[in-house]
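Letters go in sequence order (proteins before strands), and every chain restarts at 1.
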2 protein chains.
Amino acid sequence: MPRGRPPDERSAPTLEQVARVAGVSIATASRVVTGAVPVSPDRRARVQQAISLLGYVPDERARDLRRRVHKTVGLLVPSLGDPLHADVFRILHRELSRDGFTLLVFETTGKADAEKASMDVLVRNHARAVVVAAAAGLAPPILQLLRRRDIRAIFYNDRPPQPAATCVCVDDHGGALLLTSHLIGLGHRRIALVAGALDGSTGVDRHAGYSAALAAAGSATDPQLVAGFGWTSEVGRQAATGLLRIADPPTAILAAHPSLAAGALIAIRERGLDIPGDISLASFFESDYLRFVDPPITCLGGLGAAVAAGIMTTLRTEHTGLVEIPLAASIRGSTAAPPVRA
Amino acid sequence: MPRGRPPDERSAPTLEQVARVAGVSIATASRVVTGAVPVSPDRRARVQQAISLLGYVPDERARDLRRRVHKTVGLLVPSLGDPLHADVFRILHRELSRDGFTLLVFETTGKADAEKASMDVLVRNHARAVVVAAAAGLAPPILQLLRRRDIRAIFYNDRPPQPAATCVCVDDHGGALLLTSHLIGLGHRRIALVAGALDGSTGVDRHAGYSAALAAAGSATDPQLVAGFGWTSEVGRQAATGLLRIADPPTAILAAHPSLAAGALIAIRERGLDIPGDISLASFFESDYLRFVDPPITCLGGLGAAVAAGIMTTLRTEHTGLVEIPLAASIRGSTAAPPVRA
DNA sequence: ATGAAAGCGCTAACAG
DNA sequence: CTGTTAGCGCTTTCAT
């Protein structure tokens, strides 16, 4: 038998100690802690006194073990630095804490083995659900493991690899359409897209939305005006630099991500152009700096909150399927009518 | 007695099931899982086969409960958006996972009640240690709770409220001294400080280091050249705008935080000044954009890694006391000799 | 309203 | 080497 070490007073007090101090049974002590079942007032008081005297705090793990419930949810994101993911984390964390859940975050940088390792930890900790931003890399075997374990997977941002999976997706197509139409409405005809990587639905859908808006206005998509197939500011900068050098340069640039917009911003300034006098700039999604920059940049707002809300609903209602997050544009100083030309 | 529900095959397989399938005792199964004690080759093989057949994964919580160990560490930061904290999170997470630990992150935004709530969760989950960036708000009662629970507290960034506490601190004074001396060495005499809030050791020490460097060069600190007592880019922008308007404006600006530098950068551009031709700019710490901006901005580098390393050492060696992280400057294009003047 | 006791899934004595 | 067994701290049935 395990050597039951002498009850260490330094160690965390247990329910048994509380019960002893209060002079009641463990069961009664438990009942006042959980608060569910009726306990006589005087005993309740004695137990509560013992609790605060000892500084008792229930052991969440023992509790879950016995209750056979799993109050852990995982979040897998490529990067916590990304404002969208940071927002989702913040809000998810807040909401889940409210329900007594624990959120385990993993930064996977899109690497498959990191995702594998993260999933392993989550399984070992009996996660009930896992929220995944980096859908692309989540290999089928992992998905299978999740299913086998009855762990709900909720994808967001990118559309999931499996058609029937639960997903909270931003309306990328609609967003691009919205922003591009805004630019067209302002009078722009040469609108460039700094597109982002086209290996996931995010990039592809934004590109499609952009093209659709153009088509609706009667123009074709000029391949010369689409560049920047990555997600870093350096990619954005180089793409914009190239875009500004072509024969018939754009009067507006739409960036598919704040980092891309940051790069474009630098390129525009290097070129000595004025925003929005010479060129307009609009970006997907929100980021602190988009507001602080001069002029503040038009973008698609309120996203993190909406995504997080969608995830919470999905989590709570056991909903399965696709949730589309509607998008709204925050029109700011960086977009205006194009300069008049010859 | 609890109604042992019929063994649900959908649910996570237990060691007992593994043992049954392998035709061995549950103890033997446990032994091959933990891998510690000798087990005969054939039995080992049978168990391993059963494990992969069932897809068995040990339940971390039951394990910890039985082992009476606590493999959870908490991290409390004001904001995950801050590159320093994001770095610390990333590295801590990686290192701790390696040791089988779980990292629970909390964004407290410096609010005392958020810190209180976070600590509560950590206590309930039997955290072994908690790493705290927002030292200022961690009220004494919480500290007391931690001590009582024998939870190690490791502070970083700000110096802790309690003198004897364990702390991994950046050498803020030395860093400011280093950067300011660099600027002085370049020939600058009018060096401004965008200081950050002076209600914590971080801001105060950086200010002191700046003054010390000035004093060493034989100049006094001109109060007119110190502004920006907050941590947002907006504060930095306003401070720098003011600084550039005074009668005898600075030829160099030292920002106490990347956000402050971002604001200063905007102000400088608004003023139409060239970096580093008209004015030099240096910043505390690293941030992606500091590298991508044109010109890249001189700053203090490698910080997150160093802090995280210090924390890990502290965690592993049970070290108590103060660890100072040495700082190194990354000299980049944003600092050069001041313009020649009349 | 209360207490005794049976385990949740696991590890580690202890005795073969 | 292997099996038996006593709990880790907690909740909950069952019987008072």
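For A/E16 and C/dA4, the CD to P distance is 12 Å, given to the nearest whole Å. Straight-line distance from the CG atom of A/L15 to the P atom of C/dC8: 19 Å, rounded to whole Å. Here the P atom of nucleotide C/dG3 and the CZ atom of A/R20 are 15 Å apart, to the nearest Å. At whole-Å resolution of the value, NZ in B/K71 and P in D/dC8 are 21 Å apart. Rounded to whole angstrom, the span from the CG atom of B/D64 across to the P atom of D/dC8 amounts to 16 Å. Atom-to-atom, CG of B/L65 to P of D/dC10 comes out at 9 Å; the value is rounded to the nearest Å. One can place CZ of A/R31 at 11 Å from P of D/dT13, the figure rounded to the nearest angstrom. With rounding to whole Å, A/Q17 atom CD is found 14 Å from D/dC10 atom C1'.
For A/K116 and A/D113, the salt-bridge test fails: no basic side-chain N is under 4.0 Å from an acidic carboxylate O. A salt bridge does not link A/D64 to A/R61: none of the charged nitrogens lies less than 4.0 Å from a carboxylate oxygen. Ionic pairing of B/D59 and B/R63 is not present here: no N-O contact between side-chain nitrogen and carboxylate oxygen is shorter than 4.0 angstrom.
Checking B/V47, B/L54, B/I51 one by one against B/V21, the side-chain contact (heavy atoms from CB on, under 4.5 Å) holds for a single residue, B/L54. Among the candidates B/R316, B/R94, B/K71, the single residue satisfying the salt bridge (charged side-chain N to carboxylate O under 4.0 Å, His left out) test with B/D99 is B/R316.
Look at A/R68 and you'll find a side-chain N or O under 4.0 angstrom from OP1 or OP2 of C/dG9. For the pair B/S30 and C/dT11, the criterion of a side-chain N or O lying under 4.0 Å from OP1 or OP2 is met. Between A/T14 and D/dG9 there is no side-chain N or O to OP1 or OP2 distance below 4.0 Å.
The side chain of A/R67 approaches D/dT12 more closely than any other nucleotide in the set D/dT12, C/dT11, C/dG3. The side chain of A/P38 has C/dA1 as its nearest neighbour among D/dG3, C/dA1, D/dG7.
Nucleic acid contact class of A/T28 (heavy atoms, under 4.0 Å, all strands): sugar-phosphate only.
A heavy atom closer than 4.0 Å to some atom of DNA chain C occurs in B/Y56, B/P58, B/D59, B/A62, these being the qualifying members of residues 39-62 of chain B.
Annotation for B/Q49: atom CD does not count as buried by contact number, only 12 or fewer foreign heavy atoms lying within 6.0 Å.
For B/R46, the side-chain contact (heavy atoms from CB on, under 4.5 Å) partners at least two apart in sequence or on another chain are B/A22, B/V24, B/D42, B/R43.
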